[in-house]
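Down below is the structure, laid out as structure tokens.
All heavy atoms count here, side chains included; hydrogens, waters and symmetry mates do not. A, B, ... follow the sequence lines: proteins, then strands. Residue 1 opens every chain.
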Number of protein chains: 2
Amino acid sequence: MRVPRLVDHDQRRAELGAAAIRVILREGLGGVTVRGVAAEAGWSTGSLRHYFRNQHELQSYVVEATTDALRRRVLPRVRRPRTASSAVEGVASILEEMLPLDAGRREEYALWSAIVEWERQHPSEGGSVTWNEQRALHRQAVALLRGHEPAQDLDRAALPHPDPEVELWAALLHTFVDGLAAQIVNTPGQMPAGTAGRLLRALLRAVPPAVPPVVPPVVPPAVPPARPDR
Amino acid sequence: MRVPRLVDHDQRRAELGAAAIRVILREGLGGVTVRGVAAEAGWSTGSLRHYFRNQHELQSYVVEATTDALRRRVLPRVRRPRTASSAVEGVASILEEMLPLDAGRREEYALWSAIVEWERQHPSEGGSVTWNEQRALHRQAVALLRGHEPAQDLDRAALPHPDPEVELWAALLHTFVDGLAAQIVNTPGQMPAGTAGRLLRALLRAVPPAVPPVVPPVVPPAVPPARPDR
DNA sequence: GCGGAAATAGCACATGCGTGTTAGTTAAGC
DNA sequence: GCTTAACTAACACGCATGTGCTATTTCCGC
């Protein structure tokens, strides 16, 4: 069999994905057109369409690739060990990594927003992946605040916490941080970085402390009791 | 002087505005095109362009008109007297009027979102009008929760409250409700109406009550500031 | 009546989009 | 060197958009 020139499709697609990300940052997900991305990458539309049959396939790939890229960028940052003067300060500095407080994080937030928009318009069964990951992060944050042992791996943090109070405050905190990020970008005049940080810390201080360790945080048998939430 | 046929421009523009609102609900603010709105209203583009010179003028008018219409629809509802079993319940039922919990309020939220998007892309000096109004509403809510006299008129509520704790919790609550609304529409699977209501009430219960004017901030050793029940 | 300004309807042009098709180019295997 | 499949580039079609321009209709004041 004769094998003509071969190119690495995955690598090509990654190259296109990088160009598409630049387009998203400049014009939003709606600007991710076949022509636009091809021009950004310096290719012709015909070439691009050897790797993506249509616009949906292109956007779908870009959303997936962007999600992965953001994960790889953000996760190490929130897992970075830090010297904090208090639990509140430690958790606040973690959560601030998620807020669009400077140019770099504003870019990341714009990408997250584009992904959320995509997920809203193309709902997948099993719920939003990014939502579940964010919830796990806030669950960890609240557990830390209340003095629980942090979950070892990320999969563990994806499960509901045995302490229902952790679940409740994780939901409250998650929702609040979502709103905070939205206000920072939508009404930056009314929500400058300093105000955002103060509000975040104020809410963290409002998280009630765990009751004294009558029962240490031993993971109980696999079945958590039915919780009112969710 | 000869006066030809005269039509009420304001009334025409209002008619166009109503058609544009229908278009926004169907296709978003991006769908507000000269052709689209004209077709929705049953006119030709040439006619429409006697009242709006270009697309920007059309969208600008629509945003303004929609803001006014929403104000007129929502304000009486949040001011409706209610019989509540508690302060938390009373405030919760007010704030729920702002959440996209049913078809009607989802429509209103979609319109609010379109306005916020417009304001973000076309920032005006003096900050966002809608943001300030929302903040005033939450300020009132927190004041109510803490047992203050409610402000008489709306202009009064637009000013910062003398109690700094009211200002702080108004900001926290405002941000939280923003996030709640966003999650309800963006990830409805993870944030159904019942959960949203429970989270809202949980946060309202976390608002610290006003200290009785007996002993303000005498901090007993090792006891964190006043906390809600439970 | 009727002149004429306002109002209306419609067309034309340039632009940008997704997508289908087609001709040219490249390079591995024979 | 030749063949052939993959790759590249470009064009064409249909559609939608904003906007400028031009007939056509309407109706008040004379």
Side-chain angles (χ1 to χ4, degrees), chain A residues 1-65 114 117-118 121-122, chain B residues 1-65 114 117-118 121-122:
Chain A
M1 160 174 123
R2 279 140 191 168
V3 178
R5 184 173 56 159
L6 272 190
V7 300
D8 185 337
H9 273 228
D10 284 343
Q11 194 233 312
R12 290 291 207 204
R13 290 160 83 100
E15 201 177 326
L16 264 309
I21 284 183
R22 293 196 295 274
V23 173
I24 292 180
L25 291 176
R26 207 172 51 230
E27 313 168 38
L29 187 60
V32 177
T33 66
V34 176
R35 280 175 169 82
V37 173
E40 175 70 32
W43 296 1
S44 72
T45 66
S47 308
L48 184 149
R49 294 181 70 249
H50 266 262
Y51 304 99
F52 303 100
R53 273 200 303 273
N54 50 38
Q55 188 178 32
H56 184 274
E57 210 169 85
L58 168 67
Q59 292 188 333
S60 181
Y61 170 84
V62 168
V63 166
E64 190 118 356
E117 186 190 335
W118 172 267
Q121 289 169 3
H122 304 82
Chain B
M1 162 171 120
R2 285 158 185 149
V3 178
R5 182 172 57 161
L6 271 190
V7 300
D8 185 337
H9 273 227
D10 284 342
Q11 195 234 312
R12 289 291 206 208
R13 290 162 83 100
E15 201 177 326
L16 263 309
I21 284 182
R22 294 196 296 275
V23 173
I24 291 181
L25 291 176
R26 208 171 53 232
E27 313 168 40
L29 187 59
V32 178
T33 66
V34 176
R35 280 176 170 82
V37 173
E40 174 71 32
W43 294 2
S44 71
T45 66
S47 307
L48 183 149
R49 295 183 66 249
H50 266 262
Y51 303 101
F52 304 100
R53 273 198 304 270
N54 50 37
Q55 190 179 30
H56 184 274
E57 210 168 86
L58 168 66
Q59 292 187 334
S60 181
Y61 171 84
V62 169
V63 166
E64 190 118 358
E117 187 191 333
W118 173 266
Q121 289 169 1
H122 305 81

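If you take OG1 on A/Thr45 and CZ on A/Phe52, they are separated by 14.0 Å, rounding to the nearest 0.5 Å. Separating the NE2 atom in A/His9 from the CG atom in A/Leu16 is a distance of 11.5 Å, to the nearest 0.5 Å. Atom CG of B/Leu58 sits about 11.0 Å away from atom CZ of B/Arg49, to the nearest 0.5 Å.
Scored by the side-chain hydrogen bond (donor to acceptor under 3.5 Å, both in side chains) test, A/Glu57 finds A/Arg53 as partners (sequence neighbours excluded). With sequence neighbours excluded, the residues forming a side-chain hydrogen bond (donor to acceptor under 3.5 Å, both in side chains) with A/Arg22 are A/Glu40, listed by chain and number.
With rounding to whole Å, B/Glu15 atom CD is found 14 Å from C/dA7 atom P. Put simply, CZ on A/Phe52 is 13 Å from P on C/dT19, counting in whole angstrom units. Across the protein-nucleic acid pair, B/Leu48 atom CG and C/dA7 atom C1' stand 13 Å apart, rounded to whole Å. When the P atom of C/dG16 is taken as reference, atom CD of A/Glu40 falls 16 Å away, rounded to whole Å. If you take CH2 of A/Trp43 and P of D/dA6, they are 18 Å apart, rounded to a whole angstrom. Distance CZ (A/Arg12) to P (D/dA6): 16 Å, rounded to an integer number of Å.
Residue B/Arg49 has a polar side-chain atom (N or O) positioned under 4.0 Å from OP1 or OP2 of D/dG20. Contact annotation: B/His9 side-chain N/O to C/dA7 OP1/OP2 distance is under 4.0 Å. For C/dA9, the OP1/OP2 oxygens have a side-chain nitrogen or oxygen of B/Ser47 closer than 4.0 Å. OP1 or OP2 of C/dT19 has not a single side-chain nitrogen or oxygen of A/Arg53 nearer than 4.0 Å.
With B/Tyr51 contributing its side chain and B/Asp10 its backbone, the two residues share no donor-acceptor pair below 3.5 Å.
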Pairs under 3.5 Å (N/O, protein and nucleotides 16-18 of chain D):
| unit_1 | atom_1 | unit_2 | atom_2 | d |
| --- | --- | --- | --- | --- |
| D/dG18 | OP1 | B/Gln55 | OE1 | 3.2 |
| D/dG18 | OP1 | B/Gln55 | NE2 | 2.2 |
| D/dG18 | OP2 | B/Val34 | N | 3.0 |
| D/dG18 | N7 | B/Arg35 | NH1 | 2.5 |
| D/dG18 | O6 | B/Arg35 | NH2 | 3.0 |

